[in-house]
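Below is one structure, written out as structure tokens, with a few remarks after it.
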Protein chains: 2
Amino acid sequence: MSVLGRALSVLDAFADGTPSLRLTVIAQRADLPLPTALRLVRELVAWGALERQSDGSYRLGSRLWTLGGQAPCRRRLVDLGRPALDGLNRVTGLPVLLAALDGNSLVVVDGVGTALRPGTSLPPHATAAGKALLAHLPDSRRRQVLTDLARLTPYTLTAPGALNRQLAAIRAGAPASAWEEWHLGENEVAVPVDPLAGQGPAAALAVTARSAAQARRAVPLIVRAALTISGGLRPVGQPPHCQGVPGVDSRR
Amino acid sequence: MSVLGRALSVLDAFADGTPSLRLTVIAQRADLPLPTALRLVRELVAWGALERQSDGSYRLGSRLWTLGGQAPCRRRLVDLGRPALDGLNRVTGLPVLLAALDGNSLVVVDGVGTALRPGTSLPPHATAAGKALLAHLPDSRRRQVLTDLARLTPYTLTAPGALNRQLAAIRAGAPASAWEEWHLGENEVAVPVDPLAGQGPAAALAVTARSAAQARRAVPLIVRAALTISGGLRPVGQPPHCQGVPGVDSRR
DNA sequence: CACTGACTTTCATTACGTGAAAGCCGACGT
DNA sequence: ACGTCGGCTTTCACGTAATGAAAGTCAGTG
């Protein structure tokens, strides 16, 4: 493995969200001898990808935050999505959410009025946004994502058949929904953003309500908001949108 | 320079916000021979720090976004700040903003009701949030930041003397303000968050209004919101807060 | 005071990255 | 159609720069 590879696996040690790690743990997680880990960590600290805390442990640095925030793929979604989210939240009075697929999990891109923070991972099969995205995915990719149908509440759909039937309905035009399938007391509806793009929708826009009826009532508004975002996403031309498919280099 | 250093300077090529770059440009900006740049870029793409677009150019990848969002330093500010921002925006009806120092510029951490996106850079000397932070900084660091007092509107304070007098007043307890010093028609007031921390406040909370009077009226509310955030920032113990001082390794 | 565990330094060894040079490919001009 | 140019990719002989075992430091603990 290359030096850079090792360095990236050092960063990976933080990927699970652990706020801070000691050198020894980093070395273990990255599977590197201690001196090597130390050298890499030092260099990452010097650049600002990591920060050293007063107790000697390390955490991800603010320079990484700043740089990561520039990633166009997500940045455009936030830029275009925020006004739409704000408006939707104001009109409905409900928490709204914009989420995208990242690898095999659903990641929150932005939200208004919700406790979920950007970057949080959600189970795709048990959330309305997840279903909205899955429904429009090519079959092969969908199967790839739907490996773990964990039961999160008594209402979670864990049977592939039932889930696929719902996804087919969504593909046919029904709004995606999840009635207490993720958390009890949470009813969500969602609509894909830019659904006709190359490899599937860029994101999904979801609203959470106390009752299914309340959620359903919001659907037309969500659809409008999603269209606004989709419109902005492809101003004139083609650039469909980025996909979170990891490790695939389309061009030679 | 080390391999990792070169790789990081490849990432740096994107730091100015350019959404996408061709290989040749990356090599130029990072000051690397083409084959070297290519190898590094390939490896970064494989990991997900960069993405290759259909036209062959590269951009920052979504994995970097996800990882960067985990940086505790900023993440905690967002986690604690968002509810406070939401509330403050609802009560005042005005755009609110949470910003922190990063190197020599002010960076937007989060905002509600504003067009400014997280990650945007602002001039510290011409914004209320910038002044609130500068005022509580150690002298040496403040001078370091205040190198460029660009005139942005006719009202921008460009004389070090006048600015320092304002900063002294702020340090003495006055709320920080900027009356059309950054943009015409924008009047801001700001209050530091966690001002007693080691190296200066963690962030500043600002509100923008059409008139100075309107902004001033919001001050008590901002102070309360800032206290809420400060409170959450140090639940029990000491951990003051991270500083964006680049390249300083406090411990040996 | 010896011991442990976490971190740091040193240094002989060589693997790995280097970059000049040459090859490839598509775009453009005539 | 053909030559040309710019941008990208591959190759390969070379030597720098990364490696990791071993030894050293230091704070905390029994």
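Labels below follow one simple rule: chain letters A, B, ... track the order of the sequence lines, proteins then strands, and each chain is numbered from 1. Bear in mind the structure is a predicted one, so any value in this text is a computation, not a measurement.
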### Query
Between A/Arg6 and D/dT19, does any side-chain N or O lie under 4.0 Å from OP1 or OP2?
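Indeed, a polar side-chain atom of A/Arg6 lies that close.
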How long is the line joining [atom1] of [X] and [atom2] of [N], in whole Å?
X       : N      : atom1 : atom2 : answer
B/Met1  : C/dT18 : CE    : P     : 11 Å
B/Ile26 : D/dG7  : CD1   : C1'   : 13 Å
A/Leu34 : D/dG24 : CG    : C1'   : 14 Å
A/Leu4  : D/dA18 : CG    : C1'   : 14 Å

### Message
Within the 4.5 Å heavy-atom criterion, are B/Pro72 and A/Leu60 side-chain neighbours or not?
### Response
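The answer is yes, as the side chains (C-beta and beyond) meet within the 4.5 Å cut-off.
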### Task
Say whether, by atom type as modelled, one donor and one acceptor occur between the side chain of B/Arg6 and the main chain of B/Met1 under 3.5 angstrom.
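Present.
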### Message
Looking at B/Thr120 and B/Arg117, would you say the former's side chain and the latter's main chain have a donor-acceptor pair under 3.5 Å?
### Response
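Present.
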### Message
Let me spell it out: for each of B/Leu32 and A/Leu23, pick the nucleotide of DNA chain C with the closest heavy atom. Which residue's pick is nearer the 5' end?
### Response
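The 5'-side residue here is A/Leu23.
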### Task
Find which nucleotide of DNA chain C each of A/Val3 and A/Ser57 is nearest to by heavy atoms, and output the residue with the more 5' nucleotide.
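Per heavy-atom nearest nucleotide, the more 5' residue is A/Ser57.
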### Query
Within the structure shown, what part of the strands sits under 4.0 Å from B/Leu38 by heavy-atom distance: base, sugar-phosphate, or nothing?
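Base, at least one base heavy atom under 4.0 Å.
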### Task
Assign B/Pro35 to base, sugar-phosphate, or nothing according to its heavy-atom contacts below 4.0 angstrom with the strands shown.
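Base: the residue B/Pro35, judged by heavy atoms under 4.0 Å, touches a nucleobase.
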### Task
Establish, yes or no, whether the cationic atom of A/Arg75 lies under 6.0 Å from the six-membered ring centre of B/Trp65 and within 45° of the ring axis.
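No, a cation-pi geometry is absent between A/Arg75 and B/Trp65.
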### Task
On DNA chain D, check which nucleotide each of B/Arg22 and B/Arg39 is closest to and give me the residue with the more 5' one.
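In this pair, the answer is B/Arg22.
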